[in-house]
Amino acid sequence: MRFCKNHPCFGWLSLDAQDYRFVYNKLIEMRDQQMKDKTYTSGLPEGYKDWAYEHLKELAKQPTYKKRIEEHLSQLDLTIANREKELQQTYLHEQLVEMQSRRELISALL
């Protein structure tokens, strides 16, 4: 069995060891640079999410990651459908909009 860890920015995506090492090293590099510039506060470094999304587009070209993304999209579709049903009876509209936005962002990768 291969070693996998969740993506630091996209926690729903499991990365193989070498891919995780690459994205984590980039995170640390960006954080260290911001600490050196005295602009880092906490959380993900500024610009890391944009970099991670662009890198995710490259990962999505690999069959393994494409499959993982498609599986996540299927699960997200199911969750959105359930939330839409719940929304008819409750006030969960904000949560639904957030999930739909994430789905659109991830769908653009494929």
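FYI, the numbering just counts along the sequence from 1.
- Here the closest non-hydrogen pair linking L27 and P45 is O-CG, 3.6 Å.
- For the atom pair OG (S14) and CG (D19), the distance works out to 11.5 Å, reported to the nearest 0.5 Å.
- Residue pairs meeting the ring pair (Phe, Tyr, Trp, His ring centres under 6.0 Å) criterion with at least one member in residues 57-89, sequence neighbours excluded, are W12-H72.
- Shortest non-hydrogen contact noted between K49 and F10 is O-CZ, 4.5 Å.
- When all heavy atoms are compared, the tightest approach of N6 to Y20 is O-CE1, 3.3 Å.
- The distance from atom CG of L15 to atom NZ of K5, rounded to the nearest 0.5 Å, is 10.5 Å.
- Taking both residues in full, the closest heavy atoms of Y48 and V23 are given as OH-O, 3.0 Å, listed atom of the first, atom of the second, then distance.
- Among all heavy-atom pairs drawn from L110 and K66, the shortest one is CD2-CG, 3.9 Å.
- Across I106, L78, L109, a single residue satisfies side-chain contact (heavy atoms from CB on, under 4.5 Å) together with L73, and that is I106.
- With salt bridges taken as basic N to acidic carboxylate O contacts below 4.0 Å, one links D16 and R68.
- Few gaps surround CD on E54; more than 12 heavy atoms of other groups in view lie less than 6.0 Å from it.
- Separation of atoms NZ (K61) and CG (L56) is listed at 11.5 Å; rounding is to 0.5 Å.
- Here Y40 sits in one hydrophobic cluster together with M35; the rule is ILVMFWY side chains under 4.5 Å apart, joined directly or through other members.
- Residue E98 holds its CD atom at 10.5 Å from CZ of R83, rounded to the nearest 0.5 Å.
- In this structure, the separation between CG on L96 and NZ on K85 is 13.0 Å, given to the nearest 0.5 Å.
- Enclosure of atom CD in E46 is not indicated, since only 12 or fewer non-hydrogen atoms of other residues, nucleotides or ligands lie within 6.0 angstrom.
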For side chain to side chain contact (heavy atoms under 4.5 Å, CB included), just list the numbers for L59 and I69, CA-CA rounded to whole Å, side-chain angles, deciding distance to a tenth of an Å, and then say yes or no.
-> CA-CA 10 Å; L59 288 176; I69 292 168; 5.8 Å; no
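- Contacts classified as salt bridge (charged side-chain N to carboxylate O under 4.0 Å, His left out) and involving residues 20-34 (residues at least two apart or in different chains) are given here: K26-E29.
- Taking CD of Q100 as the start and OG1 of T79 as the end, the distance is 12.0 Å to the nearest 0.5 Å.
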